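Note that the coordinates shown come from a computational prediction; the quantities given were computed from them, not determined experimentally. We count ligands from 1, going down the list as the structure has it; atoms in each ligand are counted the same way. Note: hydrogens, waters and symmetry copies are ignored here, and every other heavy atom, side chains too, is used. For reference, positions follow the sequence shown, starting with 1.
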Amino acid sequence: MTDIIDELEWRGLLAQTTDLDELRKALADGPVTLYCGFDPTAGSLHVGHLTQILTLARFQRAGHRPIALVGGGTGLIGDPKPTAERTLHSEETVAGYVAAIGRQLSAFLRFTPEGAAPEPTDAIMADNGEWLRSMTAIEMLRDVGKHFSINQMLQRETVKARLDGDGMSYTEFSYVLLQSYDYVQFYRRHGCTLQIGGSDQWGNITAGLELIRRMDGNEPHGPAHALTTNLLTKADGTKFGKTEGGSVWLDPELTTPYAFYQFWFNTDDRDVARYLRVFSFRSQEEIEELERQTEERPAARAAQRALAEELTSLVHGEEECRKVIEASQALFGRADLSALDARTLDAALAEVPKAEVSTLGDGVPVVDLLADTGLVPSKSAARRAIQEGGAYLNNTKVTDVDAVLGADALMHGRYAVLRRGKRNIGGVVLG
Ligand SMILES: N[C@@H](Cc1ccc(O)cc1)C(=O)O
């Protein structure tokens, strides 16, 4: 791989750029300072944000300097969606989101370690609330607004879609001015000459380039650049990053590491090669080898396992990732269930059908529990499963059709694991 642009191209990430030869030249000439902005629309980032975050990290590894921007100012306004107006959150709410997202972002980039001398590629963290909140209305309208043409703004796809729909507030209509002004700030403060974003950000980013030209005459750092990445598609046509339970968040309180791992592990065979290219730091050779394995032995899910392990380790740490893997092995009888801590067991069981019991009394018949979880369609089917030797309680084969679950068999005082055959897991939870 000769340069970062070739690499992004190979990864299928490159959607649009400003003059590609110029950009390549700038990147070859030395560290380029680039930025990507993240608006605090929730208390956590989700897997959809990883494309941008990891692209920033790739630029850093390739010898450039990334700026991660949290939109503490723009998040109070809201980047217009083509569908409908956003609801404004209170300033306190947004402040909480800003802090949480800043913490998450900082884990993916290398900053100057405390006490160490700064390196030219050390990352910078910024919050546009710093300059946007103190800007006056007069400054905004005179110094920034004067450079924007309403005629051009009305041509933007999002604006047109909203004009054809329920309309758009002046608040959201003005959003592009703020993002453009951010780019000017970074150009001035840090010599930032590249902004990256998802393909939906092309308009906002190029508006910033134009503002740098109009306000600063592209001096002293020369013309700035834009680079957008492709929206990630799924072979089945559904939206990437969603499960039945909603978005897949990076915050372990919102999406457990177990569910996070499963999300990646369940990647469709038709998508997994592309996802490895987008999300993995493995080498081209390693990824191509995994692609081959998917073609030859899709059932082994080697590529999915590699993807799930790498991302779970990256986001939640190796220790959590190890626990998650142990938990799924334990559920399927390949490791000791009793070694699992309560939190991991709870997270693992959150993903499977469960029977909730309020009291065990003298013991609840296993036949009832098998039927309650839905692992078998009825109690008579449950009896048959036991007679055939295909029913397990806490990984031990149930041999007696009249067996009961008693308090002594509960793990951490409230959990038990049922299994029908090799693969179907159900949980019992007391409480
Ligand atoms: N508008 C971007 C976030 C952003 C905010 C400020 C910026 O300067 C840049 C980007 C988004 O919605 O994803």
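- Side-chain contact, Lys354 with Thr373: no donor N or O sits under 3.5 Å from an acceptor N or O.
- Cation-pi geometry between Arg301 and Phe265 is met: the NZ or CZ atom falls under 6.0 Å from the ring centre, inside 45° of the normal.
- The proximity of Tyr183 to ligand 1, defined as any non-hydrogen pair under 4.0 Å, does not occur for either the backbone or the side chain.
- A salt bridge does not link Arg292 with Glu295: none of the charged nitrogens is closer than 4.0 Å to a carboxylate oxygen.
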Could you give the side-chain donor-acceptor pairs of residues 58-65 under 3.5 Å, partners two or more places apart or in another chain?
unit_1 : atom_1 : unit_2 : atom_2 : d
Arg58  : NH1    : Ser280 : O      : 3.2
Arg58  : NH2    : Val278 : O      : 2.8
Arg58  : NH2    : Ser280 : O      : 3.1
Gln60  : OE1    : Arg110 : N      : 2.9
Gln60  : NE2    : Arg110 : O      : 2.9
Gln60  : NE2    : Thr121 : O      : 2.7
His64  : ND1    : Val32  : N      : 2.9
Arg65  : NE     : Thr33  : OG1    : 3.0
Arg65  : NH2    : Thr33  : OG1    : 3.1
Arg65  : NH2    : His190 : O      : 3.0

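- Between Gly71 and ligand 1 there is no heavy-atom distance shorter than 4.0 Å.
- With hydrogens and angles ignored, the 3.5 Å screen pairs a side-chain donor or acceptor of Asp271 with a backbone N or O of Ala235.
- Atoms of ligand 1 lying under 4.0 Å from any heavy atom of Gly37, numbered from 1 in the order shown and given with element: 3 (C), 4 (C), 9 (C), 10 (C).
- Here the side chain of Asn394 pairs no donor or acceptor atom with the backbone of Ala416 at under 3.5 angstrom.
- With a 4.0 Å cut-off on non-hydrogen atoms, Leu69 touches ligand 1 through its side chain and not its backbone.
- Residue-ligand proximity, Gln201 to ligand 1, at heavy-atom distances under 4.0 Å covers atoms 1 (N), 2 (C), 11 (C), 12 (O), 13 (O).
- Taking atom 12 (O) of ligand 1 as the reference point, the nearest protein heavy-atom neighbour is Asp79 OD2, 3.2 Å.
- Distance CD/Glu318 to CD/Glu310: 11.0 Å, rounded to 0.5 Å.
- Which parts of ligand 1 touch Asp182 is read off a 4.0 Å heavy-atom cut-off, strictly below it: atoms 6 (C), 7 (C), 8 (O).
- Heavy atoms of Asn128 found under 4.0 angstrom from ligand 1 belong exclusively to the side chain.
- Among Phe186, Tyr175, Phe38, the residue whose heavy atom lies closest to atom 5 (C) of ligand 1 is Tyr175.
- Counting the atoms of ligand 1 from 1 in the order shown, those under 4.0 Å from a heavy atom of Gln195 are 9 (C).
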